[in-house]
Amino acid sequence: MAKEGITPRAQDYSQWYLDIVRQADLADYAEIVRGCIVFKPTGYAIWEGIQRGLDERIKATGHVNAYFPLLIPKSFLMREAEHVEGFAPEVVEVTRGGGEELAEPYVVRPTSETIIGYFYAKWVRSWRDLPVLINQWANVMRWEMRTRPFLRTAEFLWQEGHTVHATEADAEHETLMILNDVYTDFVEQEMAVPVIRGLKTEKEKFPGALRSYCIEAMMQDGRALQAGTSHNLGQNFARAFDITFTNQNNTIQHAWTTSWGVSTRLIGALIMAHSDDDGLIIPPRLAPTQVVVVPIYRNDTERSTVMEAVQRITALWRGKLRFRVDDRDNLTPGYKFNEWELKGIPVRIELGPRDVQQDTVAIARRDIPGRAGKAFVSQSGLTERIEALLVEIQQSLFDRALTFRDAHTFDARTYAELVEGVERGFVRCYWAGTTDDERRIQEETRATIRCIPLDQPASAGRCVLTGAETTQQVVFARAY
RNA sequence: CGGGGCGUAGCGCAGACCGGUAGCGCACCUGAAUGGGGUUCAGGAGGUCGCUGGUUCAAAUCCAGUCGCCCCGACCA
């Protein structure tokens with residue numbers, strides 16, 4: 001029973017996504033600024049929830065927040081060879097200011113490794129200054145050729161962590177700790193989206209990094225979405241920006257740096273992982289509003305008794321549940337039911353004259369849409385019942401997403417199986433090919449190696465392409 | 001950069017071939033009734049027809065130019 005104005009997923013998945021964004025009032029196109037969107041209050045509230053969950057974890061692991069300039073001297077970008085090459089095509093330049101041509105143009109940051117590297121070089125002198133553990137919440141700009149709300153926009157919001165360490169081992173530990181304790185934990189626990197942790201291949205890694213790790217999630221069309229990345233930058237940026245320190249033996253050494261980020265793209269992941277043909281579904285732990293109350297009445301007398309009961313019941317929720325009462329008078333209850341389902345509120349409580357008499361309410365859960373997810377229950381113990389239901393919904397969304405991913409993950413032994421598998425989801429296979437092989441497969445199948453999973457099989461197998469024996473498995477998929 | 005399409009009310013569109021001073025649906029405003037799964041009736045407001053120029057007594061409509069947006073591809077993640 002698809003809602004009005006929402007294209008069913010099976011008909012056109014990409015249009016379905018755009019419909020959800022529009023209908024659930026998450027974003028508006030900033031048609032006057034190419035490739036940009038407006039994060040409307042509902043969409044921004046989801047981002048605030050993401051920020052809260054990540055910021056807590058980032059701080060709990062010893063990091064602090066700071067803020068660096070939006071504009072970066074163009075020459076900075078040039079200092080790291082791979083980095084320039086990687087970002088040059090999508091950089092926006094500022095060449096004038098105060099009505100005059102600038103001596104040196106600035107670029108609008110596509111990411112901040114370079115400018116932060118410059119300051120870290122100033123700040124770091126001794127091994128006693130390390131580690132530097134700083135995060136920044138910021139906007140960045142990349143002139144993308146083709147944009148989609150949240151998934152790829154010219155300007156987007158994110159956090160970028162930038163750290164400096166004395167040794168390679170420390171940097172590697174930091175990179176993996178962020179991947180595990182911050183990103184994976186947040187995305188799985190709060191967003192209820194299961195992820196695969198892995199290493200990027202040379203072809204897919206961050207420009208300038210030694211190694212890039214990532215978490216990859218599966219969307220409901222079987223395509224992969226990179227939900228977060230964590231890079232061990234080695235000494236590449238330390239060399240380019242001269243970040244050095246004197247160690248305990250009074251020797252000057254280049255430091256080891258890392259960077260890691262997740263962006264507003266996560267909102268896209270959230271939508272595509274959970275939502276259905278009736279609209280958005282937001283996992284309870286992240287939902288700006290967890291419970292909506294729809295009062296039902298026919299006249300002023302009924303209205304006052306019903307509203308009285310609503311007041312009495314919701315008074316118990318303060319500090320426990322994020323809720324709102326939909327007391328708009330010009331809309332029918334049926335309309336409101338549909339609207340709140342469309343907007344993905346996890347639990348809906350309906351309360352009418354009959355409920356007042358019988359000491360009941362109707363309780364509906366969003367993950368089971370329509371009347372099927374609705375039950376009449378007693379008012380006593382309602383708060384606890386809702387709290388338990390929210391936990392249950394959170395778990396059921398995660399389980400559902402995991403079951404879906406497993407059902408759409410295929411082991412391929414031959415190239416033909418790989419080609420067939422990426423049509424429908426993730427393909428797991430042994431791989432001993434080269435970067436050129438990857439490129440060729442991408443041309444032929446539009447699929448790329450999403451990652452080399454951290455969880456690897458115990459035994460060896462034969463490469464899906466070359467037939468060579470290898471112990472390394474990779475995951476192929478088409479990606480957003 | 002190549003191919004295609006589109007600019008008329010907030011949104012979606014008709015009107016254009018055949019020139020005569022702009023219309024429909026939804027949304028919006030007012031009132032009344034309705035109210036447990038997208039409520040009904042009545043009334044109302046809202047448009048320099050993307051922009052510039054030309055043809056004409058008369059241009060949304062014909063002609064020329066120009067700007068912008070969308071889709072497909074290339075590119076990127």
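Throughout, protein chains are lettered first and strands after them, A, B, ... in sequence-line order, and every chain is numbered starting at 1.
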Sort out the partner of [N] for me: Watson-Crick or G-U wobble, both distances under 3.5 Å, none otherwise.
N: B:rA22; value: none
N: B:rA77; value: none
N: B:rG35; value: none
N: B:rA42; value: B:rU30
N: B:rG53; value: B:rC63
N: B:rG2; value: B:rC72

>> Quick test of your reading: applying salt bridge (Lys or Arg N to Asp or Glu O under 4.0 Å), list the pairs with at least one residue in residues 375-385 of chain A, sequence neighbours left out, ordered by first then second residue.
In response: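 Matches after skipping sequence neighbours: none remain.
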[X]: side-chain contact (heavy atoms from CB on, under 4.5 Å) partners, not counting sequence neighbours:
X: A:Arg365; value: A:Asp367, A:Ile368, A:Leu389, A:Glu392, A:Ile393, A:Ser396
X: A:Ala432; value: A:Cys463, A:Thr466, A:Ala468, A:Thr470
X: A:Glu172; value: A:Leu176, A:Arg211, A:Tyr213, A:Asn232
X: A:Ser75; value: A:Pro73, A:Glu104

Would you kindly give the [atom1]-to-[atom2] distance between [X] and [N], to the nearest whole Å?
X: A:Tyr335; N: B:rU40; atom1: OH; atom2: P; value: 13 Å
X: A:Lys200; N: B:rA77; atom1: NZ; atom2: P; value: 10 Å
X: A:Asn338; N: B:rG35; atom1: CG; atom2: C1'; value: 15 Å
X: A:Leu331; N: B:rG35; atom1: CG; atom2: C1'; value: 11 Å
X: A:Arg328; N: B:rG38; atom1: CZ; atom2: P; value: 15 Å

>> Just so I know, are the side chains of A:Trp47 and A:Ile267 near enough to count as touching, which here means a heavy-atom distance under 4.5 Å?
In response: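 Side chain of A:Trp47 against side chain of A:Ile267, heavy atoms only: contact under 4.5 Å found.
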> Is any N or O donor-acceptor pair between the side chain of A:Glu302 and the base of B:rG35 shorter than 3.5 Å?
Replying inline: no
> Can you find a donor-acceptor pair, distance only, under 3.5 Å between A:Lys336 side chain and B:rG37 base?
Replying inline: no
>> Expected output is a numbered-order residue list: members of residues 345-356 of chain A with a heavy atom under 4.0 Å from any atom of RNA chain B. What is it?
In response: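 Close to the strand are A:Arg348, A:Glu350, A:Gly352, A:Pro353, A:Arg354, A:Asp355.
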> Which residues within residues 472-480 of chain A lie with some heavy atom under 4.0 Å of an atom in RNA chain B?
Replying inline: A:Ala479, A:Tyr480
>> Under 4.0 Å, counting only non-hydrogen atoms across every strand here, what does A:Phe87 touch: a base, just sugar-phosphate, or nothing?
In response: nothing
Pick the [atom1] atom in [N] and in [M], then give their distance to the nearest Å.
N: B:rG38; M: B:rG44; atom1: P; answer: 29 Å
N: B:rC13; M: B:rC51; atom1: C1'; answer: 22 Å
N: B:rG46; M: B:rG23; atom1: P; answer: 13 Å
N: B:rA22; M: B:rU66; atom1: C1'; answer: 25 Å
N: B:rG47; M: B:rG65; atom1: C1'; answer: 25 Å
N: B:rC26; M: B:rA14; atom1: C1'; answer: 15 Å
N: B:rG19; M: B:rC76; atom1: C1'; answer: 49 Å
N: B:rC18; M: B:rA64; atom1: P; answer: 15 Å

> Taking protein heavy atoms under 4.0 Å as touching, what does nucleotides 71-76 of chain B look like 5' to 3' if B marks base contact, S marks sugar-phosphate-only contact and - marks none?
Replying inline: -SSBBB
> Counting only heavy atoms not in A:Phe39, do more than 12 sit closer than 6.0 Å to its CZ atom?
Replying inline: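 Above 12, so yes.
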> For A:Arg450 and A:Leu342, take the nucleotide of RNA chain B holding the closest heavy atom to each; which residue's nucleotide lies nearer the 5' end?
Replying inline: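 The residue closer to the strand's 5' end, by nearest nucleotide, is A:Leu342.
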> By salt bridge (charged side-chain N to carboxylate O under 4.0 Å, His left out), which residues pair with A:Asp359, not counting sequence neighbours?
Replying inline: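 If we apply the salt bridge (charged side-chain N to carboxylate O under 4.0 Å, His left out) test to A:Asp359, skipping adjacent residues, there are no hits.
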>> So, using salt bridge (charged side-chain N to carboxylate O under 4.0 Å, His left out) as the criterion, who are the partners of A:Arg400 when residues are at least two apart?
In response: none
Would you call [X] and [Y] a salt bridge, taking side-chain N to carboxylate O under 4.0 Å as the test?
X: A:Arg303; Y: A:Asp300; answer: no
X: A:Arg439; Y: A:Glu443; answer: no
X: A:Arg22; Y: A:Asp19; answer: no

> Out of A:Val92, A:Thr111, A:Val91, which one pairs with A:Arg142 under the side chain to side chain contact (heavy atoms under 4.5 Å, CB included) rule?
Replying inline: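 For A:Arg142, the side chain to side chain contact (heavy atoms under 4.5 Å, CB included) test succeeds with only one of A:Val92, A:Thr111, A:Val91, which is A:Thr111.
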>> Quick check: closest heavy atoms across A:Tyr183 and A:Gly261, and the distance to 0.1 Å?
In response: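 Closest approach of A:Tyr183 to A:Gly261: OH-N, 3.0 Å.
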> So which heavy atom on A:Leu233 is nearest to which on A:Thr258, and how close?
Replying inline: CD1-C, 3.9 Å
> Could you give all pairs that pass the side chain to side chain donor-acceptor pair (under 3.5 Å) test and reach residues 262-274 of chain A, with sequence neighbours left out?
Replying inline: none
>> By nearest atom, which of the nucleotides B:rG37, B:rA77, B:rG35 is closest to the A:Gln226 side chain?
In response: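 Looking only at heavy atoms from C-beta outward on A:Gln226, the closest nucleotide is B:rA77.
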Atom pairs, protein N/O to nucleotides 27-34 of chain B N/O, distance under 3.5 Å:
none

